[in-house]
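Working notes, beginning with the structure itself.
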Amino acid sequence: MKPLFKYIFYVLVLVLLVIGSILLYKTHPEAQLAFTIPGLFILAYSKLTDDIKLKHHGMVRGR
């Protein structure tokens, strides 16, 4: 049951991050936010994949 709560927590964090970034962008549309907001999503994605241990297959070398 613990992984279910972990998934629910991550979905909640991602939804709050999206809503927060939209509201922040509406009130402060500075150029720095164009780099900050995607950076937050990259950090959230990397934490999510590390914690859930998704298998990420990079480019495979051919023979």
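Listed by chain and residue number, I22, F41 satisfy the side-chain contact (heavy atoms from CB on, under 4.5 Å) test with V18 (two or more places apart in sequence, or in another chain). With sequence neighbours excluded, no residue satisfies side-chain contact (heavy atoms from CB on, under 4.5 Å) with L43. A search for side-chain contact (heavy atoms from CB on, under 4.5 Å) contacts involving L16 returns L12, not counting sequence neighbours.
Applying the side-chain hydrogen bond (donor to acceptor under 3.5 Å, both in side chains) test to every pair with at least one member in residues 7-19, sequence neighbours left out, gives these pairs: Y10-D51.
L24 CG to I19 CD1: the interatomic distance, rounded to the nearest 0.5 Å, is 13.5 Å.
Of all the heavy atoms in L17 and L40, the pair that sits closest is CD2-O, 4.0 Å.
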